[in-house]
Amino acid sequence: MIIFGTKGYLRQLAVLTLVCGRCGNSAAHALRKRTTKFTLFFVPLFPVSTSYVTQCAFCGAEQRVTRDQADRMLSGGTRVR
């Protein structure tokens, strides 16, 4: 019998001050990386999907961002609204 599946991982990359697109407040936003990995016998082997998300600390709204946008935010570049 072979046991396989997927497992999700959530990693916080940074906390940034951005203007929220939902509530309009300048608030802290957590930049997080979500990775889903394929597992075989409960051992994670390789990533299946990766996405980046910012979450407003004021209202809790989440916004998906691309990898390029996440890299720019981490390097101190432009802001995402």
query: Has F4 got more than 12 heavy atoms of other residues, nucleotides or ligands less than 6.0 Å from its CZ?
result: no
message: Does F41, at its CZ atom, have more than 12 non-hydrogen atoms belonging to other residues, nucleotides or ligands within less than 6.0 Å?
response: yes
- request: Give a yes or no on whether I3 and F38 share a hydrophobic cluster (residues Ile, Leu, Val, Met, Phe, Trp, Tyr; joining criterion: side-chain heavy atoms under 4.5 Å apart).
  value: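 They do share one cluster, since a chain of ILVMFWY contacts under 4.5 Å joins I3 to F38.
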Nearest 0.5 Å please: distance from the [atom1] atom of [X] over to the [atom2] atom of [Y].
{"X": "R34", "Y": "S51", "atom1": "CZ", "atom2": "OG", "value": "5.5 Å"}
{"X": "L74", "Y": "L31", "atom1": "CG", "atom2": "CG", "value": "5.0 Å"}
{"X": "H29", "Y": "Q55", "atom1": "NE2", "atom2": "CD", "value": "9.0 Å"}
{"X": "R22", "Y": "F58", "atom1": "CZ", "atom2": "CZ", "value": "11.0 Å"}
{"X": "M73", "Y": "L16", "atom1": "CE", "atom2": "CG", "value": "6.5 Å"}
{"X": "N25", "Y": "C56", "atom1": "CG", "atom2": "SG", "value": "7.0 Å"}

message: Does the structure place the NZ or CZ of K37 under 6.0 Å from the centre of the six-membered ring of Y9, at an angle of no more than 45° from the ring's axis?
response: yes
message: Tell me the closest heavy-atom pair linking T17 and S26, and the distance in Å.
response: CG2-OG, 3.6 Å
- prompt: What are the two closest non-hydrogen atoms of L13 and Y52, and how far apart are they?
  reply: CD1-CE2, 3.8 Å
T39 (side chain) donor-acceptor with G5 (main chain) under 3.5 angstrom: yes
